[in-house]
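The structure under discussion appears below in the form of structure tokens.
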Amino acid sequence: MDYICCNSSYAVDGDTISLFPYYPSGDFFCAHSDSLSNQQSWWAVDLQEVYVINDVDIFGRIDCCTHQLANFDVEVFMPTCIDNNWNYLEDGCKINCHYQSTESQRTTVSCPSNTKGRYIRIRRRDTSYLVICEVEVYGNPINNFHKSDLGSTIINHACRKSGYGYVGPVIGTSVAHSNIQCTSTCTTETACSAAEYDNNTNVCTLKGECLNETQSSLYVDKDKHVLFIR
């Protein structure tokens, strides 16, 4: 049996057969966090596309040590920038899908209706080890936009971040009567990824997708808010 820190891919290697009693395959590989002082262990997966997340199936150890999968949150993130790396997950829009307080060998989490995101993160609330043997995510992919026969645009996801501006490239500016009008204008532009609205000037700035994966795509500005179109 192999519990090697910190190979996260063991939790998505597709092997659940060996997790059951007597381990017929002879393997038992799990993702095992390191022990770092005063830090919470977490594991995350990039689904590569935005999905409506229905269920998350989490497998833990069954030979012993079920406390290594306990006291954790399951979080779904809609990134602010398609190229954001793991260090900037918190910049995105987060949905707390589930909290698991008790020890578990296997947990099936059902997310709230219409939960959308690209990243799934499992994060302990304490500083103990986190051990995950397999994760399976069930959901349906969505497109950024759907065009109807009448040419109207349906917004699948608009995620608001108040008190922030966005560093994406500027596509255009105009005066809008509300953030709703600003967001609606963004949906008419194929290249528009975010609508940045200034509450003081009523200026609506349409911005394209952030391309710089080495920095955060958000900056603090108390007078603005951003709506991300997905």
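Note that the numbering runs from 1 along the sequence shown for the chain.
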Any side-chain donor paired with an acceptor under 3.5 Å for [X] and [Y]?
X: T108; Y: D55; result: no
X: Y129; Y: D34; result: no
X: N200; Y: D223; result: yes
X: Q68; Y: R61; result: yes
X: K224; Y: Y219; result: yes
X: Q39; Y: S41; result: no
X: Y51; Y: E49; result: no
X: R124; Y: Q40; result: no

Next item on the list: Determine, for F72 and R121, whether the Lys NZ or Arg CZ falls below 6.0 Å from the six-membered ring centre while staying within 45 degrees of the axis.
Entry: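 That pair does not qualify as a cation-pi contact.
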Heavy-atom closest contact ([X] atom, [Y] atom, distance):
X: K207; Y: G168; result: CD-O, 3.3 Å
X: G117; Y: I53; result: O-CD1, 4.3 Å
X: G14; Y: E134; result: N-OE2, 2.9 Å
X: T107; Y: V109; result: CG2-CG2, 3.8 Å
X: A195; Y: C186; result: CB-CB, 4.0 Å
X: Y166; Y: G208; result: CE2-O, 3.3 Å

Next item on the list: Take the angle between the ring planes of F29 and Y10 and call it parallel below 30°, perpendicular above 60°, tilted in between.
Entry: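 It falls in the tilted class, 30° to 60°.
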When you compare the side chain of [Y] with that of [X], does any pair of heavy atoms fall below 4.5 Å?
X: V137; Y: V135; answer: yes
X: L227; Y: N179; answer: yes
X: F59; Y: I132; answer: no

Item checked: K161 vs C93, side-chain contact (heavy atoms from CB on, under 4.5 Å): CA-CA, chis, key distance, verdict -> CA-CA 8 Å; K161 295 287 287 186; C93 301; 4.1 Å; yes
Ignoring hydrogens and geometry, is there a side-chain-to-backbone donor-acceptor pair from [X] to [Y] under 3.5 Å?
X: S184; Y: I180; result: no
X: D73; Y: E75; result: no
X: E196; Y: T205; result: no

Check: Just one of L47, N96, I120, V56 clears the side-chain contact (heavy atoms from CB on, under 4.5 Å) bar with V76, so which one?
Finding: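 When side-chain contact (heavy atoms from CB on, under 4.5 Å) is applied between V76 and each of L47, N96, I120, V56, only I120 qualifies.
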For the [atom1] atom of [X] and the [atom2] atom of [Y], what is their distance to the nearest 0.5 Å?
X: C182; Y: L206; atom1: SG; atom2: CG; result: 6.0 Å
X: C111; Y: H98; atom1: SG; atom2: NE2; result: 9.5 Å
X: W43; Y: L130; atom1: CH2; atom2: CG; result: 9.5 Å

Check: Are the aromatic rings of Y164 and H225 close, with centres under 6.0 Å apart?
Finding: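 No - the distance between ring centres of Y164 and H225 does not fall below the 6.0 Å cut-off.
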Checklist line | Pair Y119-M78, side-chain contact (heavy atoms from CB on, under 4.5 Å): steps then yes or no | finding: CA-CA 7 Å; Y119 297 96; M78 176 70 74; over 6 Å; no
Checklist line | For T66, all residues meeting side chain to side chain contact (heavy atoms under 4.5 Å, CB included), sequence neighbours excluded | finding: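 With sequence neighbours excluded, T66 shows a side chain to side chain contact (heavy atoms under 4.5 Å, CB included) to E103, Q105, given in chain and number order.
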